[in-house]
Amino acid sequence: MALLITARCINCDMCEPECPNQAITLGAAIYQIDASRCTECVGHYDAPTCQSVCPIDNTIIPDPQHVESREALWEKFVLLHP
């Protein structure tokens with residue numbers, strides 16, 4: 001599933017440059033993740049890098065609105081990086 005940045009975000013700018021899919025952008029108040037581009041780093045890393053660099057625990061979480069299997073995330077990766 002795609003990830004979601006919650007209101008706990010402090011806009012520290014750590015996650016945006018780490019995203020290999022350019023799925024993270026600064027929204028009106030906090031950073032946001034484009035679910036159509038988020039692969040949870042499948043195809044790039046073993047774990048989502050945005051979560052690993054975020055200094056605030058539980059700020060970047062699975063998005064219950066965008067549930068996807070690992071296979072679906074892989075297919076999205078292939079489309080984004082032909």
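Because only heavy atoms are used, hydrogens play no part in the values below, and waters and symmetry mates are left out as well, while side chains stay in.
Counting heavy atoms from C-beta outward, K76 and R37 have side chains that stay 4.5 Å or more apart. Using a 4.5 Å cut-off on side-chain heavy atoms (C-beta onward), Q32 and I24 make no contact.
Identified under the side chain to side chain donor-acceptor pair (under 3.5 Å) test for residues 6-17, with sequence neighbours left out: D13-Y31. Applying the ring pair (Phe, Tyr, Trp, His ring centres under 6.0 Å) test to residues at least two apart or on different chains, the pairs with a partner in residues 34-55 are H44-F77, H44-H81.
Under the 4.5 Å side-chain heavy-atom criterion for Ile, Leu, Val, Met, Phe, Trp and Tyr, L26 and L3 are members of the same hydrophobic cluster. With hydrophobic clusters built from ILVMFWY side chains whose heavy atoms lie under 4.5 angstrom apart, V78 shares a cluster with L73.
A pairwise comparison of heavy atoms in A23 and C38 identifies CB-N, 3.8 Å as the closest pair. Between C41 and A47, the closest heavy-atom pair is CB-O, 3.7 Å.
In this structure, the side-chain contact (heavy atoms from CB on, under 4.5 Å) partners of V53, at least two apart in sequence or on a different chain, are M14, E18.
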Item checked: side chain to side chain contact (heavy atoms under 4.5 Å, CB included) between T59 and I10, worked out -> CA-CA 9 Å; T59 297; I10 60 170; over 6 Å; no
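For the atom pair CG (L80) and CD (E75), the distance works out to 12.0 Å, reported to the nearest 0.5 Å.
None of I33, I60, D63 except one satisfies the side chain to side chain contact (heavy atoms under 4.5 Å, CB included) rule with L4; the exception is D63.
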